[in-house]
> 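This is the structure I want to talk about, given as structure tokens.
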Amino acid sequence: MSLAESILKLVRKFLESGVMTDEGWEASLVGSPQGGVISPLIANVYLDIFDQFIISRGHRVVRYADDILILTGS
């Protein structure tokens, strides 16, 4: 198994691990649970292409997870 396949398998396990509620464990059916530890990683992977696009246009980007600051000259 390649490194990429191992990482994808690990991410899939995080997404399918379920959540604890007042009633007990519940399955995760879609997406990442609110506040899940995997959310920042997924956001960084997904938004990297966006960052590269903004940088290629000559702008500076400051981003923490899904909070984004784009600095321009005008």
Side-chain angles (χ1 to χ4, degrees):
M1 180 180 294
S2 73
L3 178 61
E5 290 170 328
S6 296
I7 292 170
L8 288 174
K9 185 176 179 180
L10 180 62
V11 169
R12 186 173 291 111
K13 286 182 181 266
F14 266 104
L15 293 174
E16 294 173 348
S17 65
V19 295
M20 291 297 294
T21 66
D22 291 337
E23 290 78 34
W25 180 84
E26 289 184 21
S28 298
L29 302 177
V30 178
S32 175
Q34 177 91 20
V37 296
I38 197 72
S39 296
L41 173 66
I42 293 172
N44 282 323
V45 169
Y46 186 80
L47 291 171
D48 183 63
I49 294 170
F50 172 79
D51 293 347
Q52 299 309 315
F53 171 74
I54 295 299
I55 291 167
S56 75
R57 297 193 59 179
H59 306 305
R60 295 188 62 195
V61 177
V62 178
R63 184 171 55 78
Y64 180 78
D66 62 350
D67 294 324
I68 302 169
L69 197 66
I70 302 172
L71 307 168
T72 66
S74 63

> Do I42 and L3 belong to the same hydrophobic cluster, where Ile, Leu, Val, Met, Phe, Trp and Tyr are linked whenever their side-chain heavy atoms lie under 4.5 Å apart, directly or via other members?
yes
> What pairs of residues pass the salt bridge (Lys or Arg N to Asp or Glu O under 4.0 Å) test when at least one of them lies in residues 25-36, not counting sequence neighbours?
none
> Tell me, please, which residues at least two apart from S28 pass side-chain hydrogen bond (donor to acceptor under 3.5 Å, both in side chains).
none
> Using the side chain to side chain contact (heavy atoms under 4.5 Å, CB included) criterion, which residues pair with V61? Sequence neighbours excluded.
D51, I54, I55, R63, I68
> Throw together a table of side-chain donor-acceptor distances under 3.5 angstrom for residues 7-18, partners on residues two or more places apart or in other chains.
unit_1, atom_1, unit_2, atom_2, d
S17, OG, F14, O, 2.9

> Taking transitive links into account, so neighbours of neighbours count too, which hydrophobic residues share a cluster with W25 at under 4.5 Å side-chain distance?
M20
> Tell me who clusters with L69, hydrophobic residues only, linked when side chains sit under 4.5 Å apart either directly or through other members.
V62, L71
> With T72, which residues qualify under side chain to side chain contact (heavy atoms under 4.5 Å, CB included), at least two apart?
H59, I70
> Which residues pass the salt bridge (charged side-chain N to carboxylate O under 4.0 Å, His left out) test with D48, sequence neighbours left out?
none
> What residues, two or more places apart in sequence or in another chain, satisfy side-chain hydrogen bond (donor to acceptor under 3.5 Å, both in side chains) together with S2?
E5
> With a cutoff of under 4.5 Å between side-chain heavy atoms, which Ile, Leu, Val, Met, Phe, Trp and Tyr residues group with V30?
L29
